[in-house]
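Note that ligands are numbered from 1 as they come in the structure, with each ligand's atoms numbered from 1 the same way.
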Amino acid sequence: MRGALGGPRLLLRRLREVMAEPVSAQARLDKIVVLIANNMVAEVCSFYVLRADGTLELYATEGLNRDAVHLTTMRAGEGLVGLIAQQAQPLNLPNAQSHPSFSYKPETGEEIYQSFLGVPVLRGGNTLGVLVVQNRAHRLYSEEEVEALQTTAMVLAEMLASGELQTLARPGADIALRRPVTLSGQPLADGVGLGYVVLHEPRVVVSNLIADDPVREGGRLDAAIAELRSSIDDMIERGDVAHGGEHREVLETYRMFAHDQGWLRRLREAITSGLTAEAAVERVQSDTRARMMRQTDPYLRERLHDLDDLANRLLHRLVGRDMVGSQSVLPDNAIIVARAMGPAALLDYDRSRLRGLVLEEGGPTSHVAIVARALGIPAVGNVENVTGLAESGDAIIVDGGTAHVHLRPQPDVEAAFREKARLRARRQEQYRKLRDRPARTRDGVPVSLNLNAGLLVDLPHLDETGAHGIGLFRTELQFMIAERMPSAGEQLELYRSVLAAVGDRPVTFRTLDIGGDKVLPYMRQVEEENPALGWRAIRIGLDRPGLLRAQVRALLKAAGGRDIRIMFPMVATVDEFVRAKAIVARERGHLARHGYEPPSALKLGVMVEVPSLLFQLDELCAEADFLSVGSNDLMQFLFAVDRENPQVANRFDALNPVCLRALRSIVAAADRAGIPVTLCGELGGRPIDAMALLAIGFRSLSMSPASIGPVKAMLLSLDLAALADYVLPLVSAHDGLPSIRPKLAAFADEHGIPV
Ligand code: PEP
Ligand code: MG
């Protein structure tokens, strides 16, 4: 019985005619199953649709009892149909009833059929249903027949995706395609965003599935593959590092796949069965995606991702050249959904319309996450398969606090989040009202609240928050989001723009803090066992002074005629700071010799973030013009907990008296020497932690823009003298308390301090 009647091409042509007929959705489905059964000389053809509740419902049949349509259902994994849906793979069985998963549904009358061929109905790698043919006689369906049925399943997938079949779903038995899903990932940037999905790389919509002329389609495919191969060769030759941070290795993998005979054979087979070249690519890509989702080996998964990317590129060549980067027509309330994304690509979107970002890849330290935080866009990363599940225009909610993403939310979920967003907005509004109030405690102690910044997009926050100045400008961010090393001119330009934006408010630039988790894609990486303890920050600056010199020169040039403060990260000994100062002095001399105007005042400081400095504070203060505590790193090294490892990062509380004593010793040393001290780690941005810092003597803090309001609200209602009386004995007590947080919370509660 090899070779179906008229072959798959005739079947596809007939299907196309049926698709165009002005009949009801059910009538169309009924005709389709008859057509398939006839064409494949099968006694049965049935179509099952995956419902939102995870069960599969019989939607149409030729050969089984028609009364069972919309009545027979299978649970996920139940029976052969459930197994196909679960595994997203065809099953071809000459003797179906002896298969361990066979489950008999008496209402269908299928007991007389022996052979069984079922294929998943896939779209974007997601199973939407199952298509089955059956025969009485024992037979193994040929490979061509399996291929033909899979091709036919694509037509049904499109029909489902178009929404045409929704009308057939009974209440409470919604079709899975549009079902609400809640996904979780890792928090990247706080906030709640409601809006609509914008796929960063929109899928090419293949509307033309069926081709009349396979020779022509084969030619189109060959031409597109040839173009694809030569474009990859070009990229490799040019050493491109494109937006997504494509490295040579990825490009080499693309090249390998673009020549892979198995892949090409499958594409050609799909064309032979009657598909257009683009539909053939989509069909093979869908199989790849289905495999990818079930692959647990991270390496193989990554390779399947590469193959998926390659198929996308091929699709764009065949149909959608102009579809990449549809940023120009961004809708209002856009939530960008992407597999991965570079920081520059995010900055290309119109900020005023962005409400959120969801990524399949990318952890909290990824560069795009840094930019999302700077832009104040709620973002969640590591959300598995979100690009496969989301369709452009779907309603979506991003909660950057809990790291949940609600796709196509139910009305009650949406209402709850609208309320949450409204509350946040109201709170923000209250904080904005505090903008012009002097930052002074209730008992009159002035506190300097400053911003942490690093990009131009951060600068408007100065006016918005009413911050005193910029307490930490992380200069490495410019380097991290660039595709190549920023030139001296580009650095100068950024520093000038920053100084212009801050006006006469103070700004403290920190020299490049790279290495550790802060990697520059274009810089050769040194393999290190412990990068956090490795060759980073000032260590690179002193060992390879070219980079540091160029940066210092750019900073000094930008600051001609005005005040500037420069500080150095990861200093571990006074000697390192002395050597860094010598570099600055040398650059200063160089610029003076070349007639540049010097800064009106130049202050050089040290980030206190390596515990060894705690034991040389007086010597350090004798050399430094100011200190700034980097509590993120100081905590990491003090307690030996990796700040990026969620399993241990929160194991110790910074409000542990041991830690507070260390911090108090820094303030005390700075006070003794009469130099200013500030704290610029995350600690300073949390109201309750900031209370403790004020109590032990800090009068200057630097924090992310969103923290200024809450910290100011706290200090405006704080009686600092009373707090210090309460806290200092707790800090000095040697009672082994792991944290004074509960006591501080109680104090705040008792005194009506908002924390
Ligand atoms: C710190 O370590 O506390 C700090 C402010 O610097 P970064 O977070 O950039 O390491
Ligand atoms: Mg640090």
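In this structure, atom 5 (C) of ligand 1 lies nearest to the protein heavy atom Cys680 O, 3.4 Å. Looking only at protein heavy atoms, the nearest one to atom 3 (O) of ligand 1 is Asn632 N, 2.7 Å.
Checked by atom type, the side-chain pair Gln616/Thr573 shows no donor-acceptor distance below 3.5 Å. For the residue pair Glu490 and Tyr495, no side-chain donor N or O sits within less than 3.5 Å of a side-chain acceptor on the partner. Side-chain N/O atoms of His590 and Glu587 include no donor and acceptor closer than 3.5 Å. Between the side chains of Asn452 and Ser702, at least one donor N or O sits under 3.5 Å from an acceptor N or O.
Interface of Glu609 with ligand 1, defined as ligand atoms under 4.0 Å from a residue heavy atom, comprises 1 (C), 2 (O). Close approach of ligand 1 to Asp633 (heavy-atom distance below 4.0 Å) involves ligand atoms 1 (C), 2 (O), 3 (O), 10 (O). Proximity to Gly630 (heavy-atom distance under 4.0 Å) selects the following atoms of ligand 1: 1 (C), 2 (O), 3 (O).
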Residues Val584, Leu555; criterion side chain to side chain contact (heavy atoms under 4.5 Å, CB included); working and verdict:
CA-CA 10 Å; Val584 178; Leu555 284 166; over 6 Å; no
For Leu542 and Ile583, run side chain to side chain contact (heavy atoms under 4.5 Å, CB included): C-alpha distance rounded to whole Å, both residues' side-chain angles, the deciding distance at 0.1 Å, then the answer.
CA-CA 9 Å; Leu542 294 176; Ile583 289 179; 4.1 Å; yes
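Contact annotation for Leu472 and ligand 1: only side-chain heavy atoms (C-beta onward) come within less than 4.0 Å of the ligand. With a heavy-atom cut-off of 4.0 Å, Arg474 touches ligand 1 through its side chain alone. Contact annotation for Arg643 and ligand 1: only side-chain heavy atoms (C-beta onward) come within less than 4.0 Å of the ligand.
For the pair Arg510 and Phe568, the NZ or CZ position fails the cation-pi test of under 6.0 Å to the six-membered ring centre and within 45 degrees of the ring normal.
For the pair Arg510 and ligand 1, a heavy-atom separation below 4.0 Å is found.
Looking at ligand 1, you won't find any N or O of Glu476 less than 3.5 Å from one of its N or O atoms.
Within Asp633, the N/O/S atom positioned nearest the Mg ion (ligand 2) carries the name OD2. When you scan the N, O or S atoms of Glu609 for the one nearest the Mg ion (ligand 2), you land on OE1.
The residues Asp513 and Arg474 are annotated as not salt-bridged, no charged nitrogen and carboxylate oxygen being separated by less than 4.0 angstrom.
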